[in-house]
Amino acid sequence: MGKMRFHIVHSVKGGCGKTAFSLFKSMELAEKNANENRARVLLLDADFKGSGLKTLIYARDKAAYEAFYKIQEQNGDTLEKIEESRLQNRLGSKKNANSFRFRREYRQETLNDYVWKENMAITAIVTEGAVIAPESDIKNIGFNGYLDFVFCSPESAERDFFRYIDGRLPDLSIGKFRLEVCRLLKDLRCYGADNGAAGEEKETGQYTDIVIDMPPGYDEYSSIMLELLRKFVRISNEKDEIHYYVVTTADRSHLDAAGEAVKSALEDSGKEDRYTQVYAVFSEVHEDEFKDEALKTLGGISNQDKGRIKSITCKYQKEYYDFCRDDKREPFVYEI
């Protein structure tokens, strides 16, 4: 598999719907690939300092996962059973409710472990899964694509590795973080590839699209990750791409700050390590909040720069709102 596309999702402030958009974008890409080449998509949760994605989508610990997995086993719709039966009867069923299925073995390790511990294998932190559109029984399950996850830790002690506390430097040094991110990018390129002949390097791996949910705002760690991603793409022989998304709500302060972030990204796009495309993502907190196109106005963007930006509306979804608040994890639709 050749070219890889990195989709970097960023917001200047928290609470903009960055993680929701990252998830919806990953589902959209998984569905697209299911229809085209069956390649896997990865959602890399890089929000080191405050992510709750693992608890929301997967499970905080093994006991919680085992309890939820029993429900899947009772319904007969575990990922293993779906794959064994090859029940891929309906692709691209975005209008139907979507849900997630994972491998039976629980993945405890997170991205925090990978960058903190020595030489952890990438296979220890990738949680393989799929997006499905379930109907009344397993025979009518619609396969909407493979979507894997790398989660950050929800544990406060592990998030503290990246924080300045009481004037003390973070436990994870910038130098080690830089080395581990370089290793991570190389590992992800080769993830899942079959071993070549003796003495040969692995072929390019299985991911065509990797969505990266960045921490909100700016600090040394997020800046380093952006820097290394752009260098990684520049030296790639596969003509990889980086798509950069800035997420904002209709809040005036968010729109103004997002405008500054977009301007900075456009300036960076004129350099050697440029972004392939810059997007402004307008995230709805209420239904039809951005129905009026006039509201999609970023602060300080010139008319010339507007022509270089692509606009996306991340629609408010009540089903997803309920999914985030209900332990039953009812399937939800999405729209971007």
Lys54 to Tyr106 - nearest heavy-atom pair and separation: CE-OH, 3.2 Å

Nearest-0.5 Å distance that lies between atom CD1 in Ile174 and atom CD1 in Ile224: 4.0 Å

Sub-4.5 Å side-chain heavy-atom contact between Val246 and Tyr279: no

From OG (Ser26) to CD1 (Ile210), nearest 0.5 Å: 10.5 Å

Side chain Arg308, main chain Leu266, donor-acceptor under 3.5 Å: yes

Row check, Tyr114 ring normal vs Arg183 NZ/CZ: under 6.0 Å, within 45°: yes

Criterion side-chain contact (heavy atoms from CB on, under 4.5 Å) on Asp322 and Glu330, from CA distance to verdict: CA-CA 8 Å; Asp322 293 339; Glu330 294 294 335; over 6 Å; no

Any Leu184 side-chain heavy atom under 4.5 Å of Leu44 side chain: yes

Spacing of CG belonging to Leu229 relative to CD1 belonging to Ile242, to within rounding of 0.5 Å: 5.5 Å

With sequence neighbours excluded, residues passing side chain to side chain donor-acceptor pair (under 3.5 Å) with Asp288: Lys315

Atom pair CZ/CE of Arg230 and Met225 - distance to nearest 0.5 Å: 14.0 Å

What pairs of donor and acceptor atoms, side-chain ones from residues 120-129 against any protein atom, are under 3.5 angstrom apart with sequence neighbours left out?
residue : atom : partner : partner atom : Å
Glu128  : OE1  : Arg103  : NE           : 3.2
Glu128  : OE2  : Tyr191  : OH           : 2.8

Heavy-atom pair of closest approach, residues Lys3 and Lys239: CD-O, 2.9 Å

Euclidean distance, His10 NE2 relative to Asp47 CG, rounded to 0.5 Å: 9.5 Å

Check against side-chain contact (heavy atoms from CB on, under 4.5 Å), Ile336 and Glu28: CA-CA 9 Å; Ile336 56 175; Glu28 180 187 64; 3.6 Å; yes

Salt bridge (charged side-chain N to carboxylate O under 4.0 Å, His left out) partners of residues 107-125, not counting sequence neighbours, each pair once: Glu105-Arg107, Asp113-Lys117, Glu118-Lys176

Closest approach of Ile309 to Ala280 (non-hydrogen atoms, all atoms of both residues): CG2-N, 3.7 Å

Minimal non-hydrogen separation, Ala46 against Ile212, with atom names: CB-CG2, 3.9 Å

Matching residue for Leu23 among Val211, Ile57, Val9 - test: side-chain contact (heavy atoms from CB on, under 4.5 Å): Ile57

Arg5 side chain near Leu29 side chain, heavy-atom distance below 4.5 Å: no

Between Phe177 and Phe48, ring centroids under 6.0 Å: yes

Ser22 (side chain) donor-acceptor with Lys18 (main chain) under 3.5 angstrom: yes

Name of the residue among Thr110, Asp45, Asn112 meeting side chain to side chain donor-acceptor pair (under 3.5 Å) with Ser51: Asp45

Neighbour count >12 (heavy atoms, 6.0 Å) for atom OH, Tyr218: yes

Nearest-0.5 Å distance, OG1 of residue Thr55 to CG of residue Asp61: 8.5 Å

Pairwise side-chain contact, Leu226 with Tyr275, heavy-atom cut-off 4.5 Å (strictly under): yes

Heavy-atom side-chain proximity of Thr313 to Lys296 below 4.5 angstrom: yes

Any donor-acceptor N/O pair, Ser283 side chain to Val247 backbone, under 3.5 Å: no

Got a list of side-chain donor-acceptor pairs under 3.5 Å for residues 249-258, not counting sequence neighbours?
residue : atom : partner : partner atom : Å
Thr249  : OG1  : Asp251  : N            : 3.2
Thr249  : OG1  : His254  : ND1          : 2.7
Asp251  : OD1  : Ser253  : N            : 2.8
Asp251  : OD1  : Ser253  : OG           : 2.4
Asp251  : OD1  : His254  : N            : 3.4
Ser253  : OG   : Lys13   : NZ           : 3.3

Evaluation steps, side-chain contact (heavy atoms from CB on, under 4.5 Å), between Cys152 and Leu53: CA-CA 8 Å; Cys152 265; Leu53 188 63; over 6 Å; no

For Thr19, all residues meeting side chain to side chain donor-acceptor pair (under 3.5 Å), sequence neighbours excluded: Asp213

Residue list, side chain to side chain donor-acceptor pair (under 3.5 Å) with Ser153, at least two apart or on another chain: Glu158

Side-chain donor or acceptor of Glu284 paired with backbone N/O of Tyr316 under 3.5 Å: yes

Nearest atoms (heavy-atom pairs only) where Asp240 meets Phe6: OD2-CE1, 4.3 Å

Parallel, tilted or perpendicular, as decided by the 30° and 60° cut-offs, for the rings of Tyr58 and Phe102: perpendicular

Any side-chain heavy-atom pair of Tyr245 and Lys25 under 4.5 Å: yes

side-chain contact (heavy atoms from CB on, under 4.5 Å) assessment of Ser11 paired with Thr248: CA-CA 7 Å; Ser11 64; Thr248 180; over 6 Å; no

Pair Glu227 + Arg178: basic N to acidic O under 4.0 Å: yes

Any Gln317 side-chain heavy atom under 4.5 Å of Glu335 side chain: yes

Side chains of Asp209 and His7 in contact at under 4.5 Å (non-hydrogen atoms): yes

